[in-house]
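On a predicted model such as this, the values are computed, not experimentally measured, just so you know.
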Amino acid sequence: PGELPAFALRTVGKKVKSHTPLASLAGKTDQQIAHALLPMLARALDKVPPQHRGETPLYVWATAGMRVLNDHQQDRLWAAVTRATRQHTNF
């Protein structure tokens, strides 16, 4: 009684994947990174009704290739992904 439910990640249908590995975008401009992510972001937008996007978390995962990048490269890349997501979606 009074306990919070455990966190559960529930996907809506199949996961949406990018055709471009995130690590391969290291060193690219924000515009190039956004351009590479836009198809994936558009597919994610199609899955979630507009009225629910503001309350729906969007998770972007990377492959093991990100471990090859140094901390600065990883931080810069994740910041660019965040900016692109905020600029082009309302998640």
Pair L25-T20, side-chain contact (heavy atoms from CB on, under 4.5 Å): steps then yes or no: CA-CA 8 Å; L25 299 173; T20 306; 3.7 Å; yes

Under 3.5 Å, which donor-acceptor pairs do the side chains of residues 76-84 form with other protein atoms, sequence neighbours left out?
residue: R76; atom: NH1; partner: K28; partner atom: O; Å: 3.2
residue: R76; atom: NH2; partner: K28; partner atom: O; Å: 2.9
residue: T82; atom: OG1; partner: W78; partner atom: O; Å: 3.0
residue: R83; atom: NE; partner: D30; partner atom: OD2; Å: 2.7
residue: R83; atom: NH2; partner: D30; partner atom: OD1; Å: 3.1
residue: R83; atom: NH2; partner: D30; partner atom: OD2; Å: 3.0

To the nearest 0.5 Å, how far apart are CG in L69 and CG in L22? 8.5 Å

Sequence neighbours excluded and cut-off under 3.5 Å, please list the side-chain donor-acceptor pairs for residues 35-45, or say none.
residue: R43; atom: NH1; partner: P39; partner atom: O; Å: 3.3
residue: R43; atom: NH2; partner: K17; partner atom: O; Å: 2.2

Would you confirm whether T89, through its side chain, and R86, through its main-chain N or O, come within 3.5 Å as a donor-acceptor pair? no

With sequence neighbours left out, which residue pairs that include part of residues 51-75 fulfil the salt bridge (charged side-chain N to carboxylate O under 4.0 Å, His left out) condition? none

I'd like to check the side-chain contact (heavy atoms from CB on, under 4.5 Å) partners of T29; sequence neighbours left out, ordered by chain and number. Q31, Q32

So which heavy atom on T56 is nearest to which on F91, and how close? O-CD2, 3.5 Å

Flag, side chain of K47 to backbone of V16, donor-acceptor distance under 3.5 Å: no

Where do P21 and S24 come nearest, in terms of heavy atoms and distance? O-OG, 2.6 Å

Please identify each residue that fulfils side-chain contact (heavy atoms from CB on, under 4.5 Å) with P49, with sequence neighbours left out. Q51, H52

Sequence neighbours excluded, which residues qualify as side-chain contact (heavy atoms from CB on, under 4.5 Å) partners of N70? H72, Q73

